[in-house]
Amino acid sequence: MDIQQLNPEQRTAVMTDAQYVLVLAGAGSGKTKVLTTRMAWLMEQGIVSPGGILAVTFTNKAAKEMLTRISSLLPINTRAMWVGTFHGLCNRLLRAHYRDAGLPQSFQILDIQDQLSAIKRLLKFHNVDTDKYPPKDIQNFINGSKERGLRPDDIIPHDPFEARSVELYALYQNQCDKEGVVDFAELLLRAFELLKNNALIREHYQRRFKHILIDEFQDTNDLQYKWLRLLAGQHNAMFAVGDDDQSIYAFRGANVGNMRAYEQDYAKGNIIRLEQNYRSYNHILDSANALISHNTERLGKNLWTDRGDGELLRINELSDDRTEAQWIVDEAKSLIRDGIDYQQIAVLYRSNAQSRAIEHAFFSVGLPYRVYGGLRFFERQEIKHVLAYLRLIHNLDDDTSFLRVVNFPARGIGARTLENLTDAATQIGCSLALGIGALKGAPATKLAEFVGLIKRLSDMAKILSLPDLIQQIMHDAGIEQFYKGERDGEERLENLQELVNAAQVFCSEESFEGRSAAELVSLSASEDQAFPEQTSALAMFLSHASLEAGDNQAKHGENAVQLMTIHAAKGLEFDVVFVAGLEQGLFPHRNSLVADDGLEEERRLMYVAITRARERLYLSAAHERMLYGQTEYTTRSQFLDEIPEEHTKWLSPKLKESGFTRSEFAFRQGAGRATNEPKRQSAMFAGMSGGVQVGAQLFKVGQRVAHAKFGEGMIINLVGQGAEAQAQIVFQNVGVKTLALGVAKLEIL
DNA sequence: GTCGGCTGGCTTTTT
DNA sequence: GCCAGCCGAC
């Protein structure tokens with residue numbers, strides 16, 4: 001380990017002896033290097049033993065990366081260190097202390113899909129009107145409450161909807177407790193309550209974890225911050241690393257405010273800024289700096305590099321989304337001709353819907369591309385089916401899993417039968433599997449056969465290895481047979497074989513730096529003598545499957561251009577980056593304008609996008625875009641105008657201002673946009689000639705109007721006549737809206 | 001029990 | 001415009 005190769009700020013951070021530190025780590029400033037070097041340094045200096053370190057991240061990928069880098073810095077046994085995600089570490093705590101946490105030893109983890117189906121089942125059972133109380137809304141309410149650390153009793157409802165939601169939350173929690181299942185938010189809340197309510201356990205861990213290090217601190221939610229403070233107690237050191245300018249997850253509960261709170265209450269102004277960037281050139285960094293300076297409430301930071309100015313940002317306004325996609329592909333092609341690697345080119349966009357047009361363009365030209373996002377491995381239905389069998393083998397009372405596979409593959413157990421079974425089980429107060437005894441007749445026989453199958457498999461589980469057990473399930477439950485007869489069964493069978501392989505890897509010792517994946521999620525490390533517990537490979541594999549849904553793309557390391565949302569690109573870097581769809585209403589997204597702080601979060605997102613690029617950055621906007629089956633007329637994103645001109649090179653003529661550019665463009669040129677098909681023009685400018693008379697008002701294309709809610713705008717199209725007439729109006733902030741002139745109260749300016 | 005047609009919704013997403 | 005999820009028909 002060479003401390004000398006760090007820059008002065010990095011070195012200060014690595015070697016600080018302050019109890020509370022906040023490291024403001026800009027994009028590309030060596031954040032992970034600082035975190036891992038600090039851990040290695042603390043251990044090398046004998047300041048703390050590996051067992052005294054707790055390092056927490058948000059993703060499994062980041063946790064693994066950290067462990068790999070520590071191992072390369074120091075020849076130590078990383079097993080004793082608690083390095084993992086919030087959820088992984090909480091799982092570890094709860095497994096070790098399941099009794100004190102009030103959980104069965106075999107508790108299972110519900111992912112969002114499982115949780116939603118559990119909620120649907122609950123709502124159905126209690127005859128809740130799902131039009132008034134959509135399962136998704138209830139799910140959000142429950143998760144939101146838990147993420148703020150609230151139990152049903154802690155919530156004071158403000159309206160009837162909330163009152164009912166609280167009741168349903170309580171019922172849901174009962175159901176989970178009975179079935180021995182725990183959702184993601186519950187992992188954190190339980191672990192927090194365990195530490196809070198049990199002094200013995202709390203003090204044990206407080207004594208143990210002398211150094212707590214937190215990655216991506218700006219992404220923590222309220223509960224996670226509370227959990228960290230509890231664990232830190234009075235005496236332990238906290239080393240929080242984050243970047244408030246890259247906080248883009250407020251919509252899922254992240255609270256940037258935690259950074260400021262921590263700085264004021266703990267670090268007391270002890271901020272170390274890492275501002276030297278090792279990734280990009282100055283035109284890119286200065287653009288990012290200038291853009292983000294439009295935000296208020298920042299902790300403040302300015303990226304710089306000694307690599308020089310580099311290239312100007314290339315900005316292009318195009319006529320429509322298809323042309324934009326075509327241009328990106330053409331550019332990418334010439335970059336590749338110049339020797340850039342495919343995977344060093346990324347196309348980033350605000351929303352997944354944008355990928356279609358871009359994919360299409362890549363596909364037609366035959367350029368290899370890879371789209372990130374979509375279903376992950378452990379979320380596939382065939383995988384979840386087999387996992388449900390495994391869960392039932394592990395815990396027969398898991399009703400969610402029971403219902404998932406009791407009739408998969410079909411074995412003649414219908415909805416009727418299951419309703420009767422649910423009623424019987426509720427009456428007795430037992431799980432579905434146990435409730436079968438109360439039923440009679442043919443359905444009961446079929447159910448008993450199913451439970452018999454599970455029990456047989458459970459017996460085999462005691463002697464078979466995990467991969468063999470999975471094979472056995474696929475065969476005995478008829479899953480193999482079923483998919484052999486299916487249309488797309490071949491691929492599903494391949495995925496199931498992949499599951500067998502995953503189990504094999506999981507069980508093998510070699511999987512990760514001499515430390516198996518099983519150990520990564522395992523209970524207390526062996527040196528944690530205070531609370532030793534033993535768990536089966538099956539239990540650990542099930543935790544693993546829930547906590548790590550698998551990478552979206554890890555297996556496809558092929559040479560291809562990378563397509564993904566900006567959110568997905570956080571933490572990544574590429575030689576060349578395209579950011580597509582820079583239009584008002586799309587990016588910044590229209591929905592963000594109504595949310596508190598929404599525009600600032602969008603700007604942070606743009607900041608993330610810009611700082612992904614090492615060498616070259618392209619930004620593009622389209623004047624017309626197909627959205628929800630309709631052509632939207634758009635205006636350039638305000639973000640493009642927030643980047644100083646000296647850093648940019650416009651590939652298209654730059655129109656005077658954003659906001660009204662599109663309509664001015666259209667109006668000035670009449671129907672004369674060179675690149676567009678004539679058939680749409682006629683419809684578009686149908687009302688142009690004479691305008692539309694509605695009451696006393698005469699509306700014309702190009703006219704400026706004001707709307708009570710949307711503000712000022714300009715009419716860009718009129719369709720229909722009289723009271724029926726509709727106008728498309730481009731508003732300065734919300735983009736294009738189609739309004740009925742007879743209804744909308746417009747003021748002509 | 002399964003298939004097909006219809007309706008509604010539609011920003012971002014890790015664990 | 002597209003996809004998912006739900007309901008109704010066979």
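- Ionic pairing of R190(A) and D177(A) is present here: one or more N-O contacts between side-chain nitrogen and carboxylate oxygen are shorter than 4.0 angstrom.
- Which of dT14(B), dC10(B), dT15(B) sits closest to the side chain of R252(A) comes down to dT14(B).
- Summarising the geometry, the separation between CD1 on I566(A) and P on dT13(B) is reported as 10 Å, rounded to the nearest angstrom.
- Scanning atom types as modelled, no donor and acceptor separated by under 3.5 angstrom connect the side chain of H589(A) and the base of dT11(B).
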Next on the checklist: One pair to check against side chain to side chain contact (heavy atoms under 4.5 Å, CB included): F217(A) and D244(A). What are the steps and the verdict?
Outcome noted: CA-CA 8 Å; F217(A) 190 59; D244(A) 54 335; over 6 Å; no
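- D219(A) comes within 4.0 angstrom of no nucleic acid atom, judged by non-hydrogen atoms across all strands.
- Between dC6(C), dT13(B), dT14(B), one nucleotide has an atom nearer to the side chain of R376(A) than all others, and that is dT14(B).
- Salt bridge status for E147(A) with R252(A): absent, with no side-chain N to carboxylate O gap under 4.0 Å.
- Side-chain contact check for Q218(A) and E216(A): at least one donor-acceptor pair (N or O, by modelled atom type) lies under 3.5 Å.
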Checklist outcome for this item: Pairing string of DNA chain B (Watson-Crick or G-U wobble, both atom distances under 3.5 Å; | = paired to other strand) is ||||||||||.....
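- Under 3.5 Å, the side chains of S546(A) and R391(A) contain a donor-acceptor pair of N or O atoms.
- Take Q115(A) and apply the side-chain hydrogen bond (donor to acceptor under 3.5 Å, both in side chains) test, not counting sequence neighbours, and it matches Q139(A), N143(A), Y172(A), D183(A).
- Atom CZ in F378(A) sits about 15 Å away from atom P in dT14(B), given to the nearest Å.
- For dT11(B), the OP1/OP2 oxygens have no side-chain nitrogen or oxygen of T565(A) closer than 4.0 Å.
- Looking at residues 603-612 of chain A, you'll see that no heavy atom sits under 4.0 Å from any atom of DNA chain B.
- Using a 4.0 Å heavy-atom distance criterion, Y249(A) is classed as a sugar-phosphate-only contact.
- Closest to the M626(A) side chain, of the nucleotides dT11(B), dT12(B), dG1(C), is dG1(C).
- Residue Q246(A) contributes atom CD, which lies 16 Å from atom P of dT14(B) at whole-angstrom precision.
- The interatomic distance linking I112(A) (CD1) with dT13(B) (C1') rounds to 9 Å, in whole Å.
- The aromatic ring of F251(A) does not sit over the base of dT11(B); the criterion of centres under 5.5 Å apart with planes under 30° is not met.
- Comparing the same atom, C1', in dT11(B) and in dC6(C) gives a spacing of 25 Å after rounding to whole Å.
- Between the OH atom of Y628(A) and the P atom of dC3(C) there is a distance of 15 Å, given to the nearest Å.
- Using a 4.0 Å heavy-atom cutoff across all strands shown, F184(A) reaches at least one base atom of the nucleic acid.
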Distance-only criterion, 3.5 Å: show the donor-acceptor pairs between side-chain atoms of residues 122-135 of chain A and protein atoms not counting sequence neighbours.
unit_1  : atom_1 : unit_2  : atom_2 : d
D129(A) : OD1    : D131(A) : N      : 2.9

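- Among the protein residues, I413(A) comes within range of the sugar-phosphate backbone only, with heavy atoms under 4.0 Å from sugar or phosphate atoms but none that close to a base.
- Contacts of I248(A) with the nucleic acid, taken as non-hydrogen atoms under 4.0 Å apart, are absent.
- Atom CG in N140(A) sits about 19 Å away from atom P in dT15(B), given to the nearest Å.
- A cation-pi arrangement, defined by a distance under 6.0 Å to the six-membered ring centre and an angle within 45 degrees of its axis, is present between R229(A) and Y225(A).
- With respect to D114(A) and K384(A), a salt bridge is recorded, a charged nitrogen being found less than 4.0 Å from a carboxylate O.
- Counting to the nearest Å, the P atom of dT15(B) and the CG atom of L547(A) are 9 Å from each other.
- Taking the six-membered ring for Trp, F639(A) and H294(A) have ring centres at least 6.0 Å apart.
- With sequence neighbours excluded, no residue forms a ring-ring contact (aromatic ring centres under 6.0 Å, His included) with F192(A).
- At dT15(B), none of the side-chain N or O atoms of N91(A) fall inside 4.0 Å of OP1 or OP2 (strictly under the cut-off).
- dT11(B) shows a glycosidic angle within 90° of 0 and is accordingly assigned syn.
- With hydrogens and angles left out, the side-chain atoms of Q638(A) and Q584(A) include a donor and acceptor closer than 3.5 Å.
- As a whole-Å value, the separation of R590(A) CZ from dT11(B) P is 9 Å.
- The existence of a salt bridge linking E186(A) and K146(A) is confirmed by a sub-4.0 Å separation between a basic side-chain nitrogen and an acidic carboxylate oxygen.
- For residues 347-359 of chain A, proximity to DNA chain B is found at R350(A), S351(A), N352(A), defined as any non-hydrogen atom under 4.0 angstrom from a strand atom.
- Spacing between dG5(C) and dT12(B) at atom P, rounded to whole Å, works out to 16 Å.
- Between E449(A) and R411(A) there is no salt bridge, since no side-chain N of the basic residue sits under 4.0 Å from a carboxylate O of the acidic one.
- Heavy atoms of K136(A) sit nowhere under 4.0 angstrom from any nucleic acid atom.
- Looking at which nucleotide of DNA chain B each of S592(A) and H87(A) is closest to, the 5′-most match is held by S592(A).
- N60(A) has no side-chain polar atom (N or O) that falls below the 4.0 Å cut-off from OP1 or OP2 of dT14(B).
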